[in-house]
Amino acid sequence: SSDGPSELGAMRSRWAGLPVTDQRPSASGRGLAQGLLAVAALASFGPAFCPGPAPSPSAVARVAFRVSRGQRPAVRLSAEADGSSPKERGPPSDEGSEEAPVFEDIFEEYKYLDEGDAGGSGVQDDPEAALYRPKKPSVRSATKRVKYDDDSPYDELASMDPELQRDDGSEEWEDDDEVEVSDEEVEEFLAEFGDRDYVKPIPEGTTPIDKFEGDARESLDIFKELRSNPSRRLLYERGLPDQQALVTVKDRLQGLAIFAEAGNWKRARYLMQGIWIKRKLRLPLGRILWNLMIKAHARAGRPKAAESWVVDMLTRVYQPDLFSYNTMLQAFAQEGNYFKAEKWIRRMKARGVAPDIWSYTALANSYAAVGNLAGVERTLKAMKESGCEVSNAYAYNAALKLCAKDGDVKKAEEWVDRLTDAGLLPDKVTYLFLIRAYAQDKDPAGAAEWLERMDEAGVLPQRQHFHAVMTAYTRSNDLEGAEAWLRVMGDKGLFPDAYSYNILLSATMHDGDVFTAEALVERMNAEGISPDVVTYSTMIGIYAEARDFEGALQWLYKAEDNGVEPDIQCYNQAIKACTRCGMVAKAEDLSRRLLRHGLLPDVYTYNTLLGGFAKDGSAQAAEFWVDHMRRSARWRHLEFTSSQMAIAYGEVLSAYVREGNLEAAEAWHAQMLGEGIEPEARCYSELARGHLEQGNTEAARNWLERMESWANLQPPEKLLEEVAETGTGRQSKVATAA
């Protein structure tokens, strides 16, 4: 049968300890079925085709077994009722003929003889053939008994037919002559065998298909797997023709390039060491391997490691080339380390490697990362004097980036004029920075004008350009204008995304328009756009501006319910909402909650929380979180600058003043001076006001004088008037009493 699972395959799988699968019968299994059908047809048509009494089931099975293998039947399809052997039978007689058996039942009884196993093609293709194949594969006489292996499937057959009984003796078995195989059978077998995947020849110029899951260029874990699991069976399976994965040197280099581009320097170094073992490949591939490792560290944000590889190249036969230097310079540009960038450009020139446009662009970006516009101008001047080919506006875009950040529209237009005077055309990034400069300057009309000029110049606007124009309108609190440009973006074939709606939501944050914001979120969901983490943080901020801490917490928990992990911005806005509503204890709970979720508080988190403690007068809690901030600043000193620490210390001082503990407040002021942190003007004002409220006019006057003499700050006029009035009134009272 060609339908349904193979019962013989399932039986063999259970004997061999293999999983049972549902597979169609193999070619040899179909041969058995054809043999049985032929025998059934001969026996059913009577004496004309099969003279003599009906054959026994065992005889039918033996004939079918031989026919399925292309062998000559050794028995006749006749049997005596008394079970005599074929040699003892006389001529055929019509007497005593029995009714032909039901051959469907015979097939069900003996079909396991030669059906295909799971995934194989019959007995000849099964690797576990010893479990069900005779030790000597020869055609034996039906009168001889055959000795089989232990636990053979033929034990069940032998129990049905006495002629196939097992002999446990040690006598030698006599074999009949082997059946000659015809040329047609050989050609048929070779044709069937040649169609298998692991036998087909591999086309020239290609490699075998990797049978493992995933892409071998990205994983390449074959050898690591064999080392971690030294199983003989696994080694054997990997060595089969259809399981081999040929990994060449070219494949390793491609994998190394992929890991380098992704910044996975550990995997890149692992592959590089495997290639470096071959001494013959060191000289021709040395520079390529080192350049890829420099790129891996640069992509991973490790400029010092990239520099170490360049320094190592200087001591070898293969010296750094232009690609080596430019890749390292890009790493320094991302970090904003223009000192190192300038140093290596000088070393390039000293070693005879002329910097190109990418070298100067990296140096200009390093200056732009720290906001040094003068350094960008010097770099562009040096690039022009060097005489290198300038084919793009990337270096000029570094200056435009700073202009866009500061909102200096006039300076940005001047840089565009200098770019065109140099014979270059503005690209998409140039127009983007120009539009952002107008958006920062809150000039939506100018931003829209440059977008139209961009379209007229033949530069196709992208979604980022429309977002910049929409941002210009939202910063001017013009939600209708932003929505109009959203429709224009849709007419251009650029459909809005979550970022587009986040810009619209930011327009409602200034007024705390909760209803308009929720309507925009419902509109997002109706259009099939899922809110992201920025959407939730913006919604929490809108509720914070509306002084609704319950709504802010509701959106914070809604983000978690929808599978969006809240970031530090979400918690900052929620803490802001709680402190504005006077819920300082709830704000502190949120601060501890974000720590439990693996987030780190930033400067905004600490200052917002400490501001709430200062208003509430919770000096001890404020002192605890300042100590927590100081511990974080030990290894995040770039984030917590001295000015930020001054704000935090001032909040603790204000908390003690609100509490009425002026002695502790003055102690914190002295600690700030001892740590080299300059107190703010409000610290002096708070101390002066605290002494004034307690009736100590002289101490208040002293702190105002210290404010002017120590910190060179001007005391508030209103506070000076209050101190003067309080002092005058007190003097008059003393005179009256006298």
Please assess Arg689 against Glu693 for the test salt bridge (charged side-chain N to carboxylate O under 4.0 Å, His left out), listing each intermediate value before the final yes or no.
CA-CA 6 Å; Arg689 189 175 296 279; Glu693 290 176 355; 5.5 Å; no
For Val376 and Asn372, what are the C-alpha separation, side-chain angles and deciding distance, and is it a side-chain contact (heavy atoms from CB on, under 4.5 Å)?
CA-CA 7 Å; Val376 177; Asn372 192 344; 5.9 Å; no
Stepwise, does the salt bridge (charged side-chain N to carboxylate O under 4.0 Å, His left out) test hold for Asp491 with Arg487?
CA-CA 6 Å; Asp491 295 339; Arg487 292 189 293 270; over 6 Å; no
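Annotation for Tyr394: atom OH does not count as buried by contact number, only 12 or fewer foreign heavy atoms lying within 6.0 Å. Surrounding NZ of Lys576 are more than 12 heavy atoms belonging to other residues, nucleotides or ligands, all under 6.0 Å away. The neighbour count for Asp417 CG, taken as heavy atoms of other residues, nucleotides or ligands under 6.0 Å away, is above 12. Within 6.0 Å of CZ on Phe495 lie no more than 12 heavy atoms contributed by other residues, nucleotides or ligands. In this structure, His597 places its NE2 atom where more than 12 heavy-atom neighbours from other residues, nucleotides or ligands lie under 6.0 Å away.
The minimum heavy-atom distance linking Ala688 with Ala700 is given by the pair O-CB, 3.3 Å. When all heavy atoms of Ala412 and Leu400 are compared, the pair lying nearest together is O-CD2, 3.3 Å. Shown here for Glu659 and Ala619, the closest heavy-atom pair between the two residues is OE2-CB, 3.8 Å. Of all heavy-atom pairs between Met672 and Ala646, the closest is CE-O, 4.0 Å. Across all their heavy atoms, Leu451 and Val469 have their closest contact at CD2-CG2, 3.7 Å.
A centroid separation of less than 6.0 Å is found between the aromatic rings of His467 and Tyr499.
Remark: the Asp616 side chain and the Ser618 side chain contain an N/O donor-acceptor pair separated by less than 3.5 Å. In this model, no donor atom of one side chain and acceptor atom of the other lie less than 3.5 Å apart for Tyr438 and Glu449. Using modelled atom types, one finds a donor on one side chain and an acceptor on the other under 3.5 Å when comparing Glu527 with Tyr501. A side-chain donor-acceptor contact under 3.5 Å links Asn502 and Asp532.
Between Glu651 and Arg682 there is a salt bridge, since at least one side-chain N of the basic residue sits less than 4.0 Å from a carboxylate O of the acidic one. A salt bridge does not link Glu666 to Arg706: none of the charged nitrogens lies less than 4.0 Å from a carboxylate oxygen. No salt bridge links Arg593 with Asp589; every basic N to acidic carboxylate O contact stays at or beyond 4.0 Å.
Contact annotation: the side chain of Asp443 never approaches that of Val409 to less than 4.5 Å [non-hydrogen atoms, C-beta and beyond]. Looking at Asn525 and Pro531, their side chains come closer than 4.5 Å, going by heavy atoms from C-beta outward. Taking 4.5 Å as the limit, some side-chain heavy atom of Ile575 sits within range of a side-chain heavy atom of Leu594. Proximity of Leu590 to Leu556: side-chain heavy atoms (C-beta onward) are separated by under 4.5 Å at one or more points. Counting heavy atoms from C-beta on, the side chains of Met707 and Pro716 come closer than 4.5 Å. By the 4.5 Å heavy-atom criterion applied to side chains, Glu678 and Ser642 are not counted as neighbours. Here the side chains of Glu377 and Trp415 are in contact, with some heavy-atom distance below 4.5 Å.
Ring planes of Trp668 and Tyr649: perpendicular class, angle over 60° (limits at 30 and 60°). Taking the six-membered ring where tryptophan is involved, the planes of His628 and Tyr606 are tilted, since the angle between them lies from 30° to 60°. Using the six-membered ring where Trp is involved, Tyr684 and Trp710 have ring planes that are perpendicular, over 60° apart on the 30 and 60° scheme.
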